[in-house]
Amino acid sequence: MLFHAAFPWQVLLTLVPITLLLPYVVQRRRSTWAGIVIHAGFGAMGFLVLAFGLA
């Protein structure tokens, strides 16, 4: 959590939907793998946006 605290507030605002969706999916599926895959997907998208200079 402390890692994410270093992000600008605009980025944190865009993360609100995933903070609500991720726990729901993990609890519904009863599998942490669902959470791992979703978190990795969002992280990869953010990395690609930064890597290609789109942000």
Side-chain angles (χ1 to χ4, degrees):
M1 184 180 102
L2 291 176
F3 172 77
H4 295 94
F7 293 168
W9 70 270
Q10 295 91 342
V11 174
L12 294 176
L13 190 62
T14 63
L15 295 176
V16 169
I18 190 140
T19 61
L20 301 174
L21 176 70
L22 193 62
Y24 173 77
V25 172
V26 169
Q27 290 296 317
R28 186 90 168 128
R29 306 250 334 163
R30 298 204 183 277
S31 171
T32 56
W33 281 109
I36 292 168
V37 169
I38 292 170
H39 189 270
F42 272 86
M45 285 189 295
F47 173 77
L48 291 174
V49 165
L50 291 174
F52 288 111
L54 300 174

> Once you round to the nearest 0.5 Å, how far does CD of Gln27 lie from CG of Leu22?
Replying inline: 10.5 Å

>> Taking side chain to side chain contact (heavy atoms under 4.5 Å, CB included) as the definition, give me every residue that meets it alongside Leu54, ordered by chain and number, with sequence neighbours left out.
In response: Val49, Phe52

Which donor-acceptor pairs under 3.5 Å do the side chains of residues 14-21 make with protein atoms, sequence neighbours left out?
unit_1, atom_1, unit_2, atom_2, d
Thr14, OG1, Val11, O, 2.6
Thr19, OG1, Val16, O, 2.6

>> Other members of the hydrophobic cluster containing Leu2, with the 4.5 Å side-chain heavy-atom rule, please.
In response: none

> According to a 4.5 Å side-chain heavy-atom criterion applied to Ile, Leu, Val, Met, Phe, Trp and Tyr, with indirect links allowed, do Val26 and Ile38 form part of one hydrophobic cluster?
Replying inline: no

> Just how far is it from atom CE of Met45 to atom CG of Leu50, taken to the nearest 0.5 Å?
Replying inline: 12.5 Å

